[in-house]
Amino acid sequence: MSVFSAEADSWILAAEKFSFSQRTVDPAIQAASTSLPSLVLEQIAENLERMPRAQEQQDSELYTLKTQRLSLFMQLSKEVKTRDSILLESYSPSRLKFKLKAQDKKIENLKKQVRENLEKTRAVRQKYSESIAADEERERRLEAGEVVEEEKEQKNFLMDLLFDRQDEARIIKKVAFYKNDVTSLFEADKAASSGDYSSFAFEKACVDAKISGLLTGSVTVYGSYISVAVNIYSFPGAKIIASAMEVGDKDDLKSIAIALARLLTPKIADSMPVELEFEIEPEEARKNLQITVDDVVFKNVEGLFRMQSGVHRIMFSAPGYNSIATSFAFRGNRKFHVKADMVKSENGTANLYFRKHFPGDIFANGKLAGALTEEEFSSRIIIDGHAILGHCIDENGETADFFIPEKYMTEDRDLLVQVKAFNRSDYIEKRRKMMYISYSALIVSLMPTFYCYGNSYAASRGYNYDLGISRDDAIAWQNASNICTGVSVAIGAWWIYELVRYLQSANTVLPASARPVNERKIAKVKVREEKRMEALRRKEQKKLVKAADKKSAAPESVKEPGEEAAESAGENVEQNKEVKNNG
């Protein structure tokens with residue numbers, strides 16, 4: 001059953017220092033033999049996954065069995081030597097027979113475990129023989145350029161429900177780097193590095209370091225050119241799963257590393273190639289379409305696009321259209337149909353009105369879009385077809401956010417947004433405190449309420465059953481219970497009110513969403529702003545009049561008492577004339 005499952009462990013890829021061969025040892029080449037492995041690993045695509053094949057799974061199980069078998073053999077050797085030493089001891093015949101019998105039992109038990117281990121080894125080889133042959137055939141067909149579809153077995157859904165068949169699941173491992181660092185190179189100890197890669201000591205060193213794949217290589221220099229040959233060994237098993245070779249300028253190591261990584265990545269993934277069929281709308285967008293797959297740009301893609309299965313990031317871009325990007329796990333099927341509806345990018349301006357005016361700066365997507373003053377109550381923002389996250393800062397430094405959806409991004413669109421710039425953290429903290437105060441008051445009020453209610457209930461029953469409780473006492477407890485209950489209900493209503501206000505205050509951190517408005521609504525906004533401006537002008541005029549009155553009331557020069565009396569008399573005459581005229 002071809003079921004995929006993800007394991008917690010990863011397929012660890014490491015690299016060792018490349019060997020180099022030339023007559024004259026060049027320090028630059030020595031440095032390249034250390035830097036090239038890290039450069040190659042750095043170019044390996046991210047989110048790369050590997051599905052270990054039957055050979056690797058067999059090698060892993062055989063290595064475990066071999067390790068157990070060696071341990072059993074060492075124990076068997078120890079027990080045999082112990083038995084031989086018993087014969088040299090001076091035991092009585094009965095004691096000697098007893099000890100030899102016990103030792104023979106241990107030796108026989110170890111021999112039995114060794115035989116079982118060998119039987120398991122043969123069973124493992126038989127178990128994976130057909131799968132290995134199928135993988136070899138699959139590899140041959142892939143080398144021939146065919147798209148191989150995974151074999152699908154007939155599924156018995158009833159059996160799947162009754163029995164757990166997870167042991168048949170295909171394992172997918174994420175490719176990770178040794179010590180999570182591409183610059184960390186693997187160095188085996190002297191005992192392991194003295195032999196070849198297939199030696200048990202070197203294999204054990206890699207397995208102990210949890211290395212699944214080891215990148216090795218050799219560097220050869222001819223004049224100003226360099227030849228790099230690399231292999232990737234799979235452990236346990238020490239089998240070559242990928243090989244590549246590249247020649248280039250020794251001063252351009254990065255290009256060599258990129259070329260080697262592109263050759264090695266399909267082998268590392270070792271997954272079924274998939275075909276992508278693109279459907280791009282509208283037709284004009286397909287003319288100059290660029291498709292970027294994992295940071296690699298492809299132009300004029302016609303027909304089916306082939307790549308390795310796994311997680312890939314695909315981006316579509318065309319002049320005059322908004323770019324579209326997504327990541328998807330392309331696995332499980334041989335062919336995928338990808339449809340992209342390109343949207344034309346709108347380049348222009350839109351009118352943004354605010355329900356409540358405030359002087360300050362308006363930012364759109366991190367750029368200054370305009371400023372609101374006492375005279376300006378709207379702002380023109382630049383649009384490009386994408387959604388806009390805006391930010392407002394008033395003259396007091398308080399902030400507010402707003403959001404304009406992509407569907408409203410059209411030329412000369414009138415948009416209205418309701419924002420209020422204030423300190424939201426302080427406001428939320430204030431509402432939180434009031435909510436907790438009201439809640440604490442409610443809890444405290446419940447204590448006398450329950451106390452009075454219990455006593456009222458007991459007094460009522462005592463009075464009804466003639467238990468020595470007077471009518472006045474029962475009525476008094478009932479009145480106290482009613483009063484306390486009323487207070488608790490009022491405080492409970494207060495707590496609900498404060499809770500609602502607190503939840504509303506928490507929502508103030510969300511940006512206000514802009515909405516399109518018609519001309520009638522814009523006219524109302526303009527009339528409101530004209531009234532506001534008129535009120536401001538009247539206010540400014542009153543300030544000027546008051547300033548002029550203060551200036552005229554100030555004494556310009558010191559006058560004689562006679563002159564002041566004459567001026568006072570003249571003012572009285574003028575007032576009397578005005579009164580007569582009014583009459």
Side-chain angles (χ1 to χ4, degrees), residues 5 7-9 11-12 14 52-136 163-171 173 186-214 233-241:
S5 64
E7 277 196 347
D9 58 337
W11 195 84
I12 306 299
R53 290 291 158 180
Q55 183 66 54
E56 295 181 36
Q57 297 180 31
Q58 174 183 284
D59 291 340
S60 178
E61 295 187 21
L62 290 179
Y63 178 82
T64 303
L65 292 172
K66 180 171 65 173
T67 305
Q68 296 175 356
R69 192 163 58 251
L70 291 176
S71 176
L72 291 173
F73 183 79
M74 296 298 294
Q75 296 179 45
L76 179 61
S77 176
K78 178 183 176 182
E79 297 299 335
V80 171
K81 292 179 181 179
T82 302
R83 185 184 186 282
D84 293 340
S85 66
I86 293 175
L87 296 174
L88 301 177
E89 298 291 339
S90 58
Y91 291 115
S92 62
S94 59
R95 183 67 176 172
L96 179 62
K97 183 178 180 181
F98 175 78
K99 283 189 167 291
L100 289 176
K101 184 178 180 181
Q103 196 64 25
D104 290 339
K105 186 176 181 181
K106 292 182 181 179
I107 293 173
E108 186 61 31
N109 186 33
L110 289 173
K111 289 181 178 180
K112 180 181 178 182
Q113 294 183 43
V114 173
R115 288 195 299 270
E116 291 177 352
N117 185 285
L118 292 173
E119 291 176 359
K120 289 181 180 179
T121 301
R122 288 190 291 268
V124 167
R125 286 199 170 99
Q126 185 178 1
K127 171 185 174 182
Y128 288 102
S129 60
E130 294 183 1
S131 299
I132 293 175
D135 287 344
E136 292 176 352
F163 300 100
D164 184 10
R165 303 184 64 182
Q166 292 182 356
D167 56 334
E168 299 180 13
R170 302 300 296 270
I171 299 173
K173 294 187 177 182
F186 174 70
E187 294 183 5
D189 54 15
K190 293 182 179 179
S193 59
S194 60
D196 58 2
Y197 296 115
S198 59
S199 65
F200 180 75
F202 192 88
E203 183 181 36
K204 186 177 184 302
C206 292
V207 174
D208 292 343
K210 298 182 179 180
I211 293 176
S212 305
L214 181 65
Y233 286 85
S234 173
F235 290 99
K239 292 181 175 59
I240 297 178
I241 61 173

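Residues: numbered from 1 along the sequence shown. Values in this document were obtained by computation on a predicted structure and should not be read as measured data.
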**Q** With sequence neighbours excluded, what pairs up with Ser71 under the side chain to side chain donor-acceptor pair (under 3.5 Å) test?
**A** Gln75
**Q** Is the shortest heavy-atom distance from the side chain of Tyr63 to the side chain of Val207 under 4.5 Å?
**A** yes
**Q** According to side-chain contact (heavy atoms from CB on, under 4.5 Å), who are the partners of Glu187, at least two apart in sequence or on a separate chain?
**A** none
**Q** Ser234: what forms a side-chain contact (heavy atoms from CB on, under 4.5 Å) with it, not counting sequence neighbours?
**A** Glu56, Ile241
**Q** Just list the side-chain donor-acceptor pairs under 3.5 Å for residues 118-132, sequence neighbours left out, or say none.
**A**
| from | atom 1 | to | atom 2 | distance (Å) |
| --- | --- | --- | --- | --- |
| Thr121 | OG1 | Arg69 | NH1 | 3.2 |
| Thr121 | OG1 | Asn117 | O | 2.9 |
| Tyr128 | OH | Glu61 | OE2 | 2.6 |
| Ser129 | OG | Gln126 | O | 2.9 |

**Q** Kindly write out the residues that satisfy side chain to side chain donor-acceptor pair (under 3.5 Å) with Ser198, not counting sequence neighbours, or none if the list is empty.
**A** Asp196
**Q** I'd like to check the salt bridge (charged side-chain N to carboxylate O under 4.0 Å, His left out) partners of Lys239; sequence neighbours left out, ordered by chain and number.
**A** Asp59
**Q** What's the separation between atom CG in Leu65 and atom CD in Gln58, rounded to the nearest 0.5 Å?
**A** 10.5 Å
**Q** For the CG atom of Leu72 and the OG1 atom of Thr67, what is their distance to the nearest 0.5 Å?
**A** 11.0 Å
**Q** Under 3.5 Å, sequence neighbours excluded: what are the donor-acceptor pairs made by side chains of residues 88-98?
**A**
| from | atom 1 | to | atom 2 | distance (Å) |
| --- | --- | --- | --- | --- |
| Ser92 | OG | Arg95 | N | 3.3 |

**Q** What pairs meet the salt bridge (charged side-chain N to carboxylate O under 4.0 Å, His left out) rule with one or both residues in residues 102-116, with sequence neighbours excluded?
**A** Arg83-Asp104, Glu108-Arg115
**Q** What salt bridge (charged side-chain N to carboxylate O under 4.0 Å, His left out) pairs are there with at least one residue in residues 199-211, not counting sequence neighbours?
**A** Lys66-Glu203, Lys204-Asp208
**Q** Just jot down the side chain to side chain donor-acceptor pair (under 3.5 Å) partners of Glu79, sequence neighbours excluded, or say none.
**A** Gln103
**Q** For Tyr233, give me all partners under ring-ring contact (aromatic ring centres under 6.0 Å, His included), at least two apart in sequence or on another chain.
**A** Tyr197
**Q** Tell me whether the rings of Phe202 and Phe186 are parallel (<30°), tilted (30 to 60°) or perpendicular (>60°).
**A** perpendicular
**Q** For Ser85 versus Thr82, what's the shortest heavy-atom pair and its separation?
**A** OG-O, 2.5 Å
**Q** For the pair Leu214 and Phe235, evaluate side-chain contact (heavy atoms from CB on, under 4.5 Å) and give the outcome as yes or no after the intermediate values.
**A** CA-CA 8 Å; Leu214 181 65; Phe235 290 99; 3.8 Å; yes
